[in-house]
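Reading through the structure tokens given below for one structure.
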Amino acid sequence: TIPAKQYFTAEHDGLAHPWAGRVWLSPPYSQPLVGQFLDTLLDELNAGQIVAALPLTNNATETLWGQRLLARADAVCFPSGRVKFWSPERESAPLQGQMLCYFGEATSVFKREFCAFGIVLQQP
């Protein structure tokens, strides 16, 4: 689990709240919500409201949102196995692989920490 000062769940409508600082994002995987959440993340990064971000998404590199994430990311990790999702009610694994795109200044730290989980690529 990711410790945070503030959490937004589906019931909180994360798109209705301001995003700032450092953001961990596990967006809804359904359309069109995944694109809306990732567009908001990229907009807030570009506006300077977010200083670092780490969204966990399917590795849907062929999608518009996947292309936009990869074009803007400072680094990306493609885990060697599928990420398991946990909640108090159950644990599950998605049907496809994931990617974690890193946005921020600590690219070397991201690479050092995440290379244990899979391939890490970074922008030149």
Side-chain angles (χ1 to χ4, degrees):
T1 58
I2 306 296
K5 290 182 182 178
Q6 195 169 26
Y7 293 89
F8 297 122
T9 65
E11 293 79 28
H12 292 105
D13 185 7
L15 293 173
H17 298 277
W19 297 15
R22 294 183 309 229
V23 173
W24 158 258
L25 177 62
S26 181
Y29 278 31
S30 62
Q31 293 293 346
L33 287 173
V34 65
Q36 293 169 347
F37 272 81
L38 296 169
D39 284 346
T40 298
L41 177 76
L42 292 169
D43 290 347
E44 296 302 319
L45 276 161
N46 291 333
Q49 297 299 314
I50 295 174
V51 296
L54 188 60
L56 168 65
T57 65
N58 284 335
N59 61 8
T61 58
E62 78 287 358
T63 63
L64 178 60
W65 58 261
Q67 291 285 304
R68 289 187 68 211
L69 282 178
L70 292 169
R72 173 70 169 74
D74 296 297
V76 60
C77 175
F78 293 97
S80 59
R82 294 195 179 133
V83 174
K84 291 184 179 162
F85 292 88
W86 178 89
S87 73
E89 296 82 33
R90 64 188 176 104
E91 182 177 298
S92 63
L95 299 176
Q96 69 184 79
Q98 290 75 47
M99 66 181 180
L100 294 118
C101 292
Y102 174 73
F103 303 87
E105 295 182 3
T107 305
S108 61
V109 174
F110 174 81
K111 186 174 184 178
R112 183 183 71 232
E113 296 298 322
F114 279 81
C115 70
F117 301 106
I119 300 295
V120 175
L121 305 173
Q122 67 185 80
Q123 295 286 6

Quick one: [atom1] on [X] to [atom2] on [Y], what's the gap to the nearest 0.5 Å?
{"X": "S108", "Y": "E113", "atom1": "OG", "atom2": "CD", "value": "10.0 Å"}
{"X": "T57", "Y": "Q96", "atom1": "OG1", "atom2": "CD", "value": "9.0 Å"}
{"X": "R72", "Y": "Q67", "atom1": "CZ", "atom2": "CD", "value": "16.0 Å"}
{"X": "Y102", "Y": "L54", "atom1": "OH", "atom2": "CG", "value": "8.5 Å"}
{"X": "T107", "Y": "F114", "atom1": "OG1", "atom2": "CZ", "value": "12.5 Å"}
{"X": "N59", "Y": "R82", "atom1": "CG", "atom2": "CZ", "value": "9.0 Å"}

Subject >> Closest approach of L38 to P27 (non-hydrogen atoms, all atoms of both residues) >> reply: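 Heavy atoms of L38 and P27 come nearest at CD2-CG, 4.3 Å.
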For [Y], does its backbone N or O pair with a side-chain atom of [X] as donor and acceptor, under 3.5 Å?
{"X": "H12", "Y": "H17", "value": "no"}
{"X": "Q98", "Y": "V83", "value": "yes"}
{"X": "Q122", "Y": "A73", "value": "no"}
{"X": "W65", "Y": "A60", "value": "no"}

Original post:
In this structure, which one of S26, P28, P55 forms a side chain to side chain contact (heavy atoms under 4.5 Å, CB included) with F37?
Top reply: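 Output: one option passes, namely P28.
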Original post:
Out of L56, N58, L70, which one pairs with M99 under the side chain to side chain contact (heavy atoms under 4.5 Å, CB included) rule?
Top reply: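 Only one option passes, and that is L70.
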Original post:
In this structure, are over 12 heavy atoms from other groups packed under 6.0 Å from E105 atom CD?
Top reply: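 Count not over threshold, so no.
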**OP:** Give a yes or no on this: more than 12 heavy atoms of other residues, nucleotides or ligands lie within 6.0 Å of atom CG of L33.
**Re:**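 It does: L33 CG has more than 12 such atoms within range.
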Please answer: with hydrophobic residues joined when any side-chain heavy atoms are less than 4.5 Å apart, are [X] and [Y] in the same cluster?
{"X": "L42", "Y": "L64", "value": "no"}
{"X": "F103", "Y": "L100", "value": "no"}
{"X": "F117", "Y": "F78", "value": "no"}
{"X": "L15", "Y": "V34", "value": "yes"}

Original post:
Heavy atoms, side chains only, cut-off 4.5 Å: are L41 and W19 in contact?
Top reply: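 When only atoms from C-beta onward are counted, W19 and L41 do touch, with a gap below 4.5 Å.
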